Each structure stands twice: as C-alpha cells, then as structure tokens.
Amino acid sequence: MPNLDSLKKLLNYQTVFTVTAFLLLSLTVVNLVSTNMLATQGFAVSESETNTLKLEKENHRLSVKIEEAARLRGLEETATQNGFVRVKSIVFVQAPPTFASR
C-alpha cells in the first residue's frame, strides 16, 4: 500500500489547513469586491432614478404651462371675437374700512 501512504503524506493537517485558509481568503476577497461593485452600481442607479424623477416633474410642469398658455390664447381670441376690448387704465375705488361686530 505505498499509494495510501503517499496520499497520507500529501494530505496532512498543515496542507489541508493551508489550502482551506487560502480558499476562504480568496472567497472573502471575491465577496468584498463583488459587494463593492454592486454598491457603487446601486448608487449610480439611485442617482439615475433621482434624475429621472426630476425630469418627469419638470416635464409635467412644462406641459401644464403649455396647456395654460393654450387656454389663455383661446380665451383671448374668444373675448376678441365677442367684442371685448382690453382696458387701457385701471380705476381703483376706495371702500370704507369694515369692522367686525360682536
């Protein structure tokens, strides 16, 4: 049984411990690197989502402004067609002060 004896010499405790420690250390390093990569990609995704939300809000705000401008133009055209004229001067009428009564 010389093969079994040489296998015992090859697989002693120190060799098994060294190989196991090396594998554990390698897996730890791979885990840390992959975790770091995922974390930095997560920040990039979060930043992109924030920018997307900002752009969506601005898009909504601009579309509301466009709708308001279109409505005001339509209102002005309707008023002109009905014979309304733009006022040249504004007159302010003073009202007496009011007091709340108990």
Side-chain angles (χ1 to χ4, degrees):
M1 294 273 223
N3 288 338
L4 184 61
D5 195 33
S6 65
L7 186 63
K8 282 183 180 180
K9 286 181 183 177
L10 182 65
L11 293 177
N12 60 13
Y13 287 113
Q14 186 177 7
T15 307
V16 170
F17 179 74
T18 305
V19 169
T20 305
F22 177 75
L23 287 175
L24 184 63
L25 184 63
S26 301
L27 289 174
T28 304
V29 169
V30 168
N31 187 17
L32 285 174
V33 169
S34 63
T35 303
N36 186 29
M37 287 174 46
L38 287 174
T40 54
Q41 288 175 356
F43 284 125
V45 168
S46 175
E47 185 178 331
S48 296
E49 287 179 353
T50 304
N51 288 338
T52 302
L53 288 175
K54 284 180 184 177
L55 290 174
E56 285 177 353
K57 285 180 183 178
E58 185 178 356
N59 187 21
H60 181 69
R61 185 179 54 83
L62 289 175
S63 65
V64 166
K65 276 188 173 183
I66 290 171
E67 288 177 14
E68 285 177 357
R71 281 193 221 134
L72 290 177
R73 252 186 264 127
L75 184 63
E76 184 178 11
E77 289 173 4
T78 306
T80 307
Q81 288 172 359
N82 288 333
F84 289 96
V85 227
R86 189 177 291 268
V87 175
K88 304 277 191 238
S89 63
I90 300 174
V91 178
F92 292 99
V93 178
Q94 296 222 352
T98 58
F99 296 99
S101 59
R102 286 187 170 204

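What's counted below: heavy atoms across the whole structure, side chains too, no hydrogens, waters or symmetry copies. On a predicted model such as this, the values are computed, not experimentally measured, just so you know.
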Acceptor/donor pairs from residues 50-60 side chains to any protein atom, 3.5 angstrom cut, sequence neighbours excluded:
{"from": "T50", "atom 1": "OG1", "to": "S46", "atom 2": "O", "distance (Å)": "2.9"}
{"from": "T52", "atom 1": "OG1", "to": "S48", "atom 2": "O", "distance (Å)": "2.7"}

- Message: Apply the hydrophobic cluster definition, ILVMFWY joined by side-chain contacts under 4.5 Å directly or through others, and give me every member besides L23.
- Response: V19

- Note on the structure: In short, side chain to side chain donor-acceptor pair (under 3.5 Å) pairs touching residues 78-93 with sequence neighbours left out are E76-R86

- Can you list every salt bridge (Lys or Arg N to Asp or Glu O under 4.0 Å) pair that touches residues 33-46, not counting sequence neighbours? none

- Query: Sequence neighbours excluded, which residues qualify as side-chain contact (heavy atoms from CB on, under 4.5 Å) partners of Q14?
  - Reply: N12, T18

- Taking only residues two or more places apart in sequence, or in another chain, which ones meet E49 in a salt bridge (charged side-chain N to carboxylate O under 4.0 Å, His left out)? none

Output side-chain donor-acceptor pairs under 3.5 Å for residues 25-42, partner residues at least two apart or in another chain, one line each.
{"from": "S26", "atom 1": "OG", "to": "F22", "atom 2": "O", "distance (Å)": "2.8"}
{"from": "T28", "atom 1": "OG1", "to": "L24", "atom 2": "O", "distance (Å)": "2.7"}
{"from": "N31", "atom 1": "OD1", "to": "T35", "atom 2": "OG1", "distance (Å)": "3.3"}
{"from": "S34", "atom 1": "OG", "to": "V30", "atom 2": "O", "distance (Å)": "3.1"}
{"from": "S34", "atom 1": "OG", "to": "N31", "atom 2": "O", "distance (Å)": "3.0"}
{"from": "T35", "atom 1": "OG1", "to": "N31", "atom 2": "O", "distance (Å)": "2.7"}
{"from": "T40", "atom 1": "OG1", "to": "N36", "atom 2": "O", "distance (Å)": "3.2"}
{"from": "T40", "atom 1": "OG1", "to": "M37", "atom 2": "O", "distance (Å)": "2.9"}

- What pairs meet the salt bridge (Lys or Arg N to Asp or Glu O under 4.0 Å) rule with one or both residues in residues 28-45, with sequence neighbours excluded? none

